[in-house]
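Since the structure is predicted, the reported quantities are computational estimates derived from the model, not experimental observations. Every heavy atom of this structure was used, including side-chain atoms; hydrogens, water molecules and symmetry mates were not.
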Amino acid sequence: MTAKSATLSHPLLEGHWASEADGEGHVVFAAEGIHCANCARSIRSTLDALPGIKRADVNVVNSRVSVSWDTSQLKLGTILGKVAQLGFKPVPLVGEAAALAQRDERRAALKRIGLAALGSMQVMMYAGGLYAGAFTGIDASMAEILRYTCWLITTPVLFYSGAPILRGGLHDLRRRVLGMDVTVSLALVLAYLASAYNTLRGSGEVYFDSVAMFILFLLVGRYYEMRGRHQAANVTDALTKALPTTVQRIDRDSGQAERIELSAVHIGDWLRVGSGQVIPVDGKVATGVALVDESLVTGEAEPARRHSGDVLLGGSLNAGAALTLEVTRSAGESTLHGLVRLLERAQSERPRLGLAAERMASWFVVRVLILTTLVGIVWTFVDPDRAFPAVLAVLVATCPCALSLATPVAIAAATSRMARLGVLVMRSDAVEGLAKIDTLMLDKTGTLTQGKAQIRRINVHGDLTREHALAVAAALESASQHPLAAAFREHGGEKLVCDDTHEHAGLGIEGTVAGTRWRIGRAEFALRGRSSESHAGDSDAGDSDAGDIVLADEAGNHARFHIADALREDAVATMANLRALDLEIELASGDRPQTVAQVAAELGIEKAAGALRPEEKLANLRALQQAGHRVLMVGDGINDGPVLAAADVSMAMGRGSSIAHAAGDLLLLRESLSSLPQAVEVARRSLVIVRQNLRWSAAYNMSAIPLAAVGLMPPWVAAIGMSLSSLLVVFNARRILR
Amino acid sequence: MESVYLLIPISIVLVGAAVWAFFWAVNRGQFENLEDPAELALEEDRLIESDQDANSNPPPRS
């Protein structure tokens, strides 16, 4: 497919990459060729100028463009066409087309590097001859041949390998922006033209070797930056890459299977997913028990059991036998797609850090050009021969490549690393924020507990054993839909049958088991007003809780079940790890006070409060912040909006349908907080590396500029230094990935 | 010295050939994966199970 035919049968126009709701269209795609903030800005401003555009965001780090538009005024094809016109090829995010696009981008870059490398080496050989000749004397005709040969080899290097740089410089100038590409292109073109002139003239210095080497090192630096960008992009790509293009649909009546396209799946269809295959869409288990590996979506390595009626997430792996599922959401609306769209939209928002760097870059370039002119003028008076090399060296030495790479590259690496921990970074300044927190405010006790009602304690009174009480209770609760009933069902040792069951809504159940009439439920219901008597008989009266479930028969024998949520096995370890990072933990929850108090007691959390309303949580947060603390708030994302927004960093728990509502700087895809300590460590390490990178690049620029201005640094040394510093910054950032 | 007048054009042709060969290799996908081959050399030799089971006789000594 050539670029010209792109708008006719573009893969983005088919399939489910663009969605539409209420006349508003959304699409997220990758734009090939974005490599700096100015590229992003030009795309954004061009799209914003189109009629009917509601929102256009561009993310430099992973080359994502996220657009919302009014479908009555604008077509997707027009949007894609505009982006292509600017010189950035729109490609789908994931799937074959995206992988191909990435591969093509890599190959093109490699070819340019290959030519630049071979060309540079060759030109250096010839230039070496010229340098030697300067010392020992050289035939004029020999020098001429060498110069022309250098020119010959350097030309394809400049115009083919250096094409992206020159194009970038032109784009910048056309938009009257002074970006990094402007200084670099200026240096390259000036050097090339001056050398060509001198070659024709037959005397004077030629700088072809500097031009070629400068281009080579610049390209190598950008290659690694591109790889980093691809990696950051692949974090979200992994989420949907595994989805198949065709699925097996089962006809409910005949049991026959047919293969259909993923996009043709309807809600209510029954699909068959073989053993080891990826579950293609959101659905629920139609028959039997399924074993699924949800690590792709949540990062949880342990496969989970799902029973009939339980939710299955698209993107998870069927780790058990073949299963049948009933589709609950179409392919385009699956959890996975929702997650990808949410992520892309969030990451496309202009990060505060990025904007600051953009402004600094323009300011910087203006000063560079002024400095260069000054250097040129001064040298023309002192020693005109050395003016040009000095000007060239200054232009090259001031190139802030390393400086502009320092932060984005580290953030990209951190995002990738944290995604592997199940923590999705929604905003790039979230990483910096996470590194600086000293307090953790938890809303959900569910992150620390197993989320299951469990029988923690049984106190029996009268002629009743614990086992018998459990068996009777299980029999009574066997048909109940009440959430607490599940706790009893799992414990049935002896299976008893209950007849004549009668459920009293909100109070309890009564029924006959083995001839005896039993009641189970709230104390008042079960004991029928005899609670004062039973209290006297309780040996552990102090432990009784109004929330306990009581089982009683008519003779006064009764059992008191204390039901609560057990802590997760990793909760204690997680708390210890968090404390080891010097983090204070506070529970400010809307959950029941008893639950909160119990969890706090078991984990040694001092500050805990339950049944808090959003305003109270906000007040707590503000109090902490006013005391100088930086707070990470972990909440639900659905109804904690204001509190999450007010926190220094917020983490929303997102799973299944709640993903659509999740609003936070970070998104936790898992059920437990166990990966949070590691995430904090990654964030802190990233900050250290960003500072290292910034310090190093600034130091390089600061020391190189005076040397270049004074004439002590020839252009080719400046070129090497600049590119080496870029490479150093990129490699330093890769340390975060370990 | 005059040989240089011949050698320089030859070297240009060689560079051209080298560039062409590199482009050909890239297009054929030889540079797709630059990381794994390095790891491959460090891995232990793996025994192929089927061979072990099939051969009840040890290989003859050479």
Closest contact, heavy atoms only, [X] versus [Y]:
X: F22(B); Y: G114(A); answer: CE2-CA, 3.3 Å
X: R107(A); Y: V26(B); answer: NE-O, 3.4 Å
X: S141(A); Y: Y5(B); answer: OG-OH, 3.5 Å

Distance (rounded to the nearest 0.5 Å) between [X] [atom1] and [Y] [atom2]:
X: L14(B); Y: L118(A); atom1: CG; atom2: CG; answer: 11.0 Å
X: L152(A); Y: I12(B); atom1: CG; atom2: CD1; answer: 5.0 Å
X: I8(B); Y: Q122(A); atom1: CD1; atom2: CD; answer: 9.5 Å

*Y197(A), OH: over 12 other non-hydrogen atoms inside 6.0 angstrom*: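 Incorrect, the count does not exceed 12.
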*Mark yes when over 12 heavy atoms from residues, nucleotides or ligands other than R28(B) sit less than 6.0 Å from its CZ; otherwise mark no.*
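Count not over threshold, so no.
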*Close side-chain approach of I145(A) and V4(B), heavy atoms under 4.5 Å*: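 Side-chain contact under 4.5 Å: no.
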*Just wondering, do V19(B) and Y160(A) contact through their side chains at under 4.5 Å, heavy atoms?*
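No. Closest side-chain heavy atoms not under 4.5 Å.
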*asked:* Taking side-chain hydrogen bond (donor to acceptor under 3.5 Å, both in side chains) as the definition, give me every residue that meets it alongside R735(A), ordered by chain and number, with sequence neighbours left out.
replied: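 Partners of R735(A) under the side-chain hydrogen bond (donor to acceptor under 3.5 Å, both in side chains) test: Q692(A), N732(A).
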*asked:* Holding to side-chain hydrogen bond (donor to acceptor under 3.5 Å, both in side chains), I want the full list of residues that pass it with Y207(A), two or more places apart in sequence or in another chain.
replied: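 Counting only residues at least two positions away or on another chain, Y207(A) forms no side-chain hydrogen bond (donor to acceptor under 3.5 Å, both in side chains).
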